[in-house]
Amino acid sequence: MLFDISNAGIEMLPDDQFQQKQVAVSVLRLDKIHPVVSGNKLFKLHYFLQEALLSSHKTILTFGGAWSNHLAATAYACSFLGLKSIGIVRGEEPAELSHTLQQCLNDGMQLKFISRQQYAQNDNAEFIQSLKNEFGEWILVPEGGYHPLGAKGAALIMELTSKNYSHICTAMGTATTLAGLLMAAEPFQKIIGIPVLKGMTDMEQRLQYLTGYKTLPGNFELLDDYHFGGYAKKTGELIQFMNQCWQQYQLPLDFVYTAKMFYAVTDQVKKDHFPKGSNILCLHTGGLQGNRSLPANTLNF
Ligand SMILES: *Cc1c(COP(=O)(O)O)cnc(C)c1O
């Protein structure tokens, strides 16, 4: 790896409820790698960063919204490795930058704001050419690392786990992380994805593109009823759950991804979805910086 990931350990959660159901639940704390470049984003970026380091231009260009964990991680990783970074941001430039974008600037990322309409067509050849004219040569990383190389990088996460886990659970945005896990998992391990967007109906096509498999293996499952209204939507119940997880396990979660994933897992344990003897590993994919968009005192951590 290009970064020191030795902080990312596995913690088992002591809980009577899990014990009663005769399952074990552990968390792989990828959030502990680093406060900014935490979690799955670093892994998804791995091969792009390697390519950029070998290039003559040493530049990465990527896309994201005002609170994008991906932009924050890219900016930090590039600055750490001595690469240039350019972030194309969805929406007009606001009077006051989000905490995330401010962090990106501090890490030396050049930001360019484009309208939502233009952003929606950001893979259009003419637009790409205009970016080349403006910024010169670069390696393009699609939003969220949604690319087979991103999935190949995410597969490296499995090296931090063991074959003893029967189920590995992750929050899903672009599906890139899940694709990587699926490529590196043993056939007897079940990979469980919790989509945080509402109505993601193209997951199979996404996984085919990301893995390059014509036929997907059968050892994955999506729990698609835990989006809490849609991307970055939240309810009082979700916030209460986050505060309770902090109190009970000192486990800090983010409201966009990991809280929904962990809520889904605990709910499914309650509903006897996991067979007795299951050894469940939840990925803490990071993203805690996004909690800064919440009003002060919403969370107890
Ligand atoms: C981006 C992100 C995800 C989603 O990963 P995908 O590979 O896009 O599915 C999950 N958790 C966190 C914290 C993230 O920032």
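Order of appearance sets the numbers: ligands from 1, and atoms from 1 within every ligand.
- Nearest heavy atoms, S38 versus G286: OG-CA, 3.6 Å.
- Here CG of N164 is found 11.0 Å from CD of E186. Values are rounded to the nearest 0.5 Å.
- For H147 and F48, the ring centers sit closer than 6.0 Å to each other.
- Under the 4.5 Å side-chain criterion, counting only non-hydrogen atoms from C-beta, F135 is in contact with K112.
- Applying the 4.5 Å side-chain rule to ILVMFWY residues, one finds L71, V89, L97, L101, L105, M109, L111 in the same cluster as F113.
- Within 4.0 Å of ligand 1, contacts by protein heavy atoms are made from N40, K41, K44, N69, A171, M172, G173, T174, A175, T176, T177, Y257, T285, G286, G287.
- Counting heavy atoms from C-beta on, the side chains of R29 and L251 come closer than 4.5 Å.
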